[in-house]
Amino acid sequence: MTSPSSGTAPSRGQVETGHRHRAAEIDVDEARKAFFLMVGFIVLIWILQVANWADHYDLDASYGILPRSLGHLGDIFTAPFLHVSWNHIEGNSGPLFVFGLLAAYRGVVRFLGVTLVVAITSGLAVWLFQSGNELTVGASGLIFGYFGYVLARGLIDRNLIDALAAVVMGLSYAYILTVAIPGTPGVSWIDHLGGLVGGLACGWIFRTRRGLRVSSRAKPPAAPGSGSSNSGSSTKELQVTQGHPRADLHKELGDMGL
């Protein structure tokens with residue numbers, strides 16, 4: 001009499017395929033979150049731009065970065081959301097959305113960490129090293145930070161798609177790279193450089209950790225009769241002092257190889 005079958009265990013290939021499908025679903029879900037996050041980001045800075053314009057750009061004076069002014073040190077977190085003109089925000093919106101989406105689609109939480117780090121590095125660079133008393137606002141530092149992060153992430157994690165995407169989109173928005181050259185009127189290249197350095201650093205800080213590979217193969221059982229050799233290899237050598245009553249006996253046994 002045969003017992004009813006309880007089912008067949010999935011093969012290793014089926015398990016790996018399931019993991020890949022699950023990972024793909026997670027990537028799609030994260031990409032969807034990244035898309036809506038960046039749409040919300042762009043909507044937010046445009047709402048602030050309208051309010052800033054209606055207030056005759058007084059928000060820039062209140063929340064922009066003023067070099068080496070303790071009262072404006074905290075404004076390194078608000079300056080990226082403000083702009084000085086309509087042309088300024090129009091020029092930043094496209095690359096901000098594209099590079100932000102590339103930076104966020106592999107993990108929104110990680111993206112928020114990158115944004116925080118880049119805002120600090122770009123803002124502090126302006127606050128510490130910007131010459132004169134000019135206020136600095138704009139999302140350019142974040143754009144360069146996202147660009148550096150995506151590029152570094154692709155190289156460090158050995159993800160060719162990310163690295164190529166960063167290069168291609170960087171070439172597509174080549175004009176933002178030209179304004180990073182020192183001496184461009186009305187542009188804070190220090191802000192761009194600080195953001196780029198922060199983004200490159202984030203590529204390492206938020207890199208994908210690779211765990212140690214553990215072999216799944218079980219250790220083969222010991223053959224019958226081999227227990228004496230295994231036990232012998234695991235036993236500790238008995239240490240006998242010179243004054244021990246049986247020291248001579250142990251010495252003779254050791255000389256005989258016993």
Side-chain angles (χ1 to χ4, degrees), residues 34 38 41 45 63-70 72-83 88 91-92 94-132 134-159 162-209:
M38 291 312 302
F41 197 163
I45 63 174
Y63 300 102
I65 304 174
L66 188 64
R68 292 167 296 282
S69 171
L70 291 177
H72 285 269
L73 180 58
D75 295 333
I76 63 176
F77 299 107
T78 57
F81 298 91
L82 301 173
H83 294 81
H88 190 196
N92 279 345
L96 177 63
F97 179 82
V98 171
F99 287 114
L101 183 62
L102 289 174
Y105 88 100
R106 288 194 180 276
V108 170
V109 175
R110 190 176 300 182
F111 167 78
L112 296 178
V114 172
T115 302
L116 178 62
V117 173
V118 170
I120 293 174
T121 58
S122 60
L124 284 181
V126 172
W127 192 84
L128 291 172
F129 305 113
Q130 184 76 33
S131 60
E134 295 182 358
L135 284 167
T136 300
V137 295
S140 300
L142 293 181
I143 294 172
F144 275 81
Y146 295 154
F147 167 73
Y149 168 66
V150 174
L151 180 62
R153 183 183 66 190
L155 296 176
I156 294 173
D157 290 347
R158 299 177 183 178
N159 190 310
D162 282 354
L164 288 178
V167 172
V168 170
M169 298 313 301
L171 294 176
S172 300
Y173 291 101
Y175 69 90
I176 69 171
L177 300 179
T178 60
V179 299
I181 301 174
T184 304
V187 176
S188 175
W189 66 271
I190 294 179
D191 180 39
H192 299 170
L193 180 61
L196 180 62
V197 170
L200 293 174
C202 286
W204 173 259
I205 296 172
F206 297 102
R207 68 191 183 279
T208 301
R209 264 61 174 188

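Start at 1 with the first residue, then count along the sequence.
With values rounded to the nearest 0.5 angstrom, Ser69 atom OG is found 9.0 Å from Leu135 atom CG. Atom CG of residue Leu66 and atom CG of residue Leu73 lie 11.0 Å apart, to the nearest 0.5 angstrom. Atom-to-atom distance recorded for Phe77:CZ and Ile65:CD1 is 10.0 Å, nearest 0.5 angstrom. With rounding to the nearest 0.5 Å, the separation of OG in Ser122 from CG in Leu193 is 10.5 Å. Annotation: the span from Phe129 atom CZ to Trp189 atom CH2 amounts to 10.0 Å, rounded to 0.5 Å. Going from atom CG of Asn159 over to atom OG1 of Thr208 covers 8.5 Å, rounded to the nearest 0.5 Å.
Under a 3.5 Å cut-off, the side chain of Arg153 and the backbone N or O of Val150 do not form any donor-acceptor pair. Remark: the backbone N or O of Gly194 is paired with a side-chain donor or acceptor of Thr121 at under 3.5 angstrom.
Considering every non-hydrogen atom in both Ala79 and Gly64, the closest pair reads CB-CA, 4.4 Å. Minimum interatomic distance between Ala163 and Leu155 (heavy atoms only, all atoms of both residues): CB-CD2, 4.2 Å. The nearest pair of heavy atoms linking Phe206 to Arg110 is O-NH1, 3.1 Å. Heavy atoms only, all atoms of each residue included: Met38 and Leu101 are closest at CG-N, 3.7 Å. Contact detail for Tyr63 and Asp75: the closest heavy-atom pair is O-CB, 3.3 Å. Across all their heavy atoms, Phe147 and Leu196 have their closest contact at CD2-CD1, 4.0 Å.
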Check against side-chain contact (heavy atoms from CB on, under 4.5 Å), Arg207 and Asp157:
CA-CA 7 Å; Arg207 68 191 183 279; Asp157 290 347; 3.7 Å; yes

What verdict does the side-chain contact (heavy atoms from CB on, under 4.5 Å) test give for Leu142 and Thr115, after you've listed the backbone C-alpha separation in whole Å, the side-chain angles of each residue and the deciding distance to 0.1 Å?
CA-CA 7 Å; Leu142 293 181; Thr115 302; 4.2 Å; yes

side-chain contact (heavy atoms from CB on, under 4.5 Å) assessment of Ile45 paired with Leu96
CA-CA 11 Å; Ile45 63 174; Leu96 177 63; 3.8 Å; yes

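Between the side chains of Gln130 and Thr136, no donor N or O sits under 3.5 Å from an acceptor N or O.
When ring centroids are compared, Phe81 and Phe41 come within the 6.0 Å threshold.
Each of Val118, Val117, Leu124 was evaluated against Ile120; a single residue qualifies, Leu124, per the side chain to side chain contact (heavy atoms under 4.5 Å, CB included) test.
Relative ring orientation between Tyr146 and Phe111 is described as tilted, the plane-to-plane angle lying within the 30° to 60° band.
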